[in-house]
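Below: one structure, written as structure tokens.
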Amino acid sequence: MTAGRWMQRVLILGLFSLLAACSTLGGGRGSGGVPVVKDPAPIVSGTMRPYQVRGRWYTPKDQPNYEEVGMASWYGDAFNGRPTSSGERFDMHALTAAHKTLPLPGLVEVTNLENGRRVVVRINDRGPFVDSRIIDLSREAAQELGMLSQGVGRVRVRYLGPAPRQGGGTVLQAAAPTAAPTRAPTRAPTRALPPVAPPIAAPAPVQVAAAEVSAFWVQAGSFSDQAEAGRIADSLSGWVRADRNAGRYNVVVGPWDNVNAAEAARQSVVARGYAGALLISGS
């Protein structure tokens, strides 16, 4: 065998080895590949016990073939930095979510059925406790799915398995780039156009005097049972305000010094199952 033929065979074998190695790689933003978990985090055993919320029992369990279509909501500022059911801190800028019965922590693939966007999120919390909703997304996950402004959206949720010890969130399919509109050719006008009328000024927005209101709270609910109020306050990282005259115990979250932030927090509390949550203010 000549030296040239020997060198040719070595190059061919090297090429096949390179192709085989490349075939094992995948994932990444928008590539359509789900993350491969080689060192899964242990399931938090305390989160697998049956529990009760607002008179209804939930039984967490391993569901390897879980796939469901329903409504998703999202939560953000009101709970950012607070502990989740798994013990992890909630980070609204991470790709995470809450589910009522899947193992914690776990990974699920969420597809927005309105626009086709897909993400993998880390399930590390319990909720949402609203019958019509199947998953509660972090603000970042909602933004990647294109449902931040509307608050809720119709999604498909598919369980992928245990989560890694850290992270695991991945964007599988982002929004398709929008092509610039094509302008049709125009002709010069044959006659002068009438002058354009000046725009009508919009009415000035109504403002709340800052001196009158300096703090805002969210009241999740009012309860006659002090122990029940305490449990709900703990789940929302809030506190109990006793109304001795009425014999009621009000669960309150806050305060915030900005009405818009407080309203966003109220919507987050509603998304977690407390439809009667109220915005209250004080000086």
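Count residues from 1 along the sequence.
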Non-neighbouring partners of R158 that pass salt bridge (Lys or Arg N to Asp or Glu O under 4.0 Å), sequence neighbours left out: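 Scan of R158 (salt bridge (Lys or Arg N to Asp or Glu O under 4.0 Å), adjacent residues dropped) gives E109.
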D125: partners by salt bridge (Lys or Arg N to Asp or Glu O under 4.0 Å), with sequence neighbours left out: R272
Enclosure of R139 CZ (heavy-atom neighbours >12, cutoff 6.0 Å): no
More than 12 heavy atoms from other groups under 6.0 Å of CD on Q166: no
Geometric class of the Y51/Y58 ring pair [parallel <30°, tilted 30-60°, perpendicular >60°]: parallel
Geometric class of the H99/Y66 ring pair [parallel <30°, tilted 30-60°, perpendicular >60°]: perpendicular
SB check R156 E67 (cutoff 4.0 Å): yes
N115 (side chain) donor-acceptor with L145 (main chain) under 3.5 angstrom: yes
Donor-acceptor contact present, side-chain R248 to main-chain S222, <3.5 Å: yes
Within-4.5 Å side-chain heavy-atom neighbours: [X] and [Y]:
X: L172; Y: T111; answer: no
X: T170; Y: L107; answer: no
X: Y274; Y: I232; answer: yes
X: E88; Y: T96; answer: no
X: V253; Y: S237; answer: no
X: Y75; Y: V269; answer: no
X: S73; Y: V130; answer: no
X: D136; Y: F129; answer: no

Exercise: identify the closest heavy-atom pair between S85 and L104: CB-CD1, 4.1 Å
Non-hydrogen atoms of P128 and K100 that approach each other most closely: O-NZ, 3.0 Å
Working for side-chain contact (heavy atoms from CB on, under 4.5 Å), residues F79 and M92: CA-CA 8 Å; F79 303 95; M92 69 178 185; over 6 Å; no
Criterion side-chain contact (heavy atoms from CB on, under 4.5 Å) on V108 and V120, from CA distance to verdict: CA-CA 6 Å; V108 297; V120 171; over 6 Å; no
Test side-chain contact (heavy atoms from CB on, under 4.5 Å) applied to T101 and T59, step by step: CA-CA 6 Å; T101 58; T59 305; 5.8 Å; no
Point-to-point distance, once rounded to the nearest 0.5 Å, from CG of L102 to CD1 of I123: 6.0 Å
